[in-house]
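Inspection log for the structure reproduced underneath, given as structure tokens.
The structure presented is a predicted model; accordingly, all values stated were derived computationally and were not measured. Along the sequence shown, residues are numbered consecutively beginning with 1.
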Amino acid sequence: MAKKRVVVLYGGRADEHSISCISTAGVLGAMDTERFEPIPVGITKDGKWIINGEDPRGWNLDGGELPTVKITPGSRPVMIDPSRGQDGFFIGETRHINSADSGFVSMSDPEMHHALTSLGHVDAVLPVLHGPYGEDGTVQGLLEMMGVPYVGCGVFASAACMDKHYTKVVLGAAGIPTAPGVTVDARNFTAADVLAKIEDAGLTYPLFIKPSRAGSSFGVTKVEKADDRETQQDRLAAAIATAGEHDWKVLVEQGIDGREIECAVLCPKAGDEPEASWPGEIVLDHQNDDQFYDFDSKYMDASASHVEVPANLPVSVLEDVRDVARRAFKAVDGAGLSRVDTFVTPDGTVMVNEINTMPGFTPISMYPKAWDATGVSYTELITRLIEGVLR
């Protein structure tokens, strides 16, 4: 039987570009190449699609340097004709006219002429893209217009879960609790007005200030209670400015007295009931009062934390987390996969923190580890996700 050809998209324009690269290294290494022919297509930070660049299979975090998709002498641009559907992927060949320079040049250069070569029929796309311009419904919308099967959540779920403000709106309508908070426009605010909103909402400290549409803990600041209003306003203004570097829409959330428990959800085929893994917990190995699970803890410092699956909680609580994760996934019209991050309070209440529609697939990421602990191997996980969308 002929192998199914799967375009694996990675990189992208978001802050999570390098994490996508590492996730893709893991996915390609685990993919069943007896069944599938992976076609890695990288997206540079400025949005250029390329093929035959640096092989992502060799990327890891061992050296401490974050990998990026770059145009190389051997890489070629990838272009799309939406009208051709699954046959609409093309490779551009560029050649200088009257020039000795053999490097990559933009296809839009008027001094270039180019030929297009079909990439061949594409059976499915696996968009291993995190954050805006990949996990937010934009790529999903393109693939929907092309009629190309793809792994993961659709346009609405991707967009709603990328925006943490609207995740709260949708989950609230479904009766699923989330952390109390207020939303701020970082382009137009005064610290005094923000402080007044916080007080009117009855939020208690510490607060977490975060971009509404970013991931991997980029731009997140923990704000403690100050002794005077002026200092408090200064702290809030600085935190909002930090978050505003990633998104103009900023959330001010009340810190929850609880444990952060993550649950992997799997629903490869549309219409099936979603499955939930055993919930897991990221345990910080260097505890102090001011520490939280930031970007470096997640990706850059393997000694900073470790994953425990199942989390050290009563089975009844773990089952509650699984139930909430499945309900949240269905509430946002999820498909394929998601990681539902929750808070479990001391009294056993489970509330949703956020939903990641394309969770990290790095070697230390929770999603594959949670399923492995639940009895689904990394390779089987990827196989089920791809086969679930094949026609």
pair Leu236-Val223: side-chain heavy atoms closer than 4.5 Å
yes
Output, in order, the C-alpha distance, side-chain angles, deciding distance and verdict of side chain to side chain contact (heavy atoms under 4.5 Å, CB included) for Phe208 and Val220.
CA-CA 7 Å; Phe208 285 88; Val220 180; 4.2 Å; yes
CD of Glu34: more than 12 outside heavy atoms within 6.0 angstrom?
no
Using a strict 4.0 Å threshold on nitrogen-to-oxygen distance, state whether Glu253 and Lys168 make a salt bridge.
yes
Check ion pair Glu387-Arg35 (N to O, under 4.0 angstrom):
yes
Are the side chain of Gln140 and the backbone N or O of Gly137 linked by a donor-acceptor pair below 3.5 Å?
yes
Glu380 and Gly375 have their tightest heavy-atom pair at OE1-O, 4.1 Å
Check the surroundings of atom CG in Asp257: do more than 12 heavy atoms from other residues, nucleotides or ligands lie under 6.0 Å from it?
no
Does the Thr374 side chain pair with the main chain of Ser277, one donor and one acceptor, at a distance under 3.5 Å?
no
Please check if Leu251 and Trp248 belong to a single hydrophobic cluster, counting links between Ile, Leu, Val, Met, Phe, Trp and Tyr side chain heavy atoms closer than 4.5 Å.
no
Lys70 with Glu54: basic N within carboxylate O range, under 4.0 Å:
no
May I ask you to decide whether Arg84 forms a salt bridge with Asp81, counting only side-chain N to carboxylate O separations under 4.0 Å?
yes
Okay, side chain of Gln254, backbone of Pro180: is any donor-acceptor separation there less than 3.5 Å?
no
Check whether the side chains of Glu262 and Tyr367 place a donor and an acceptor atom closer than 3.5 Å, and report yes or no.
no
Residue pair Val125, Phe89: steps toward the side chain to side chain contact (heavy atoms under 4.5 Å, CB included) verdict
CA-CA 11 Å; Val125 172; Phe89 294 81; 4.1 Å; yes
Please evaluate residues Asp341 and Glu260 with respect to the criterion side chain to side chain contact (heavy atoms under 4.5 Å, CB included), reporting the C-alpha separation (whole Å), side-chain torsions for both, the decisive distance (0.1 Å), and the verdict.
CA-CA 7 Å; Asp341 298 347; Glu260 297 184 38; over 6 Å; no
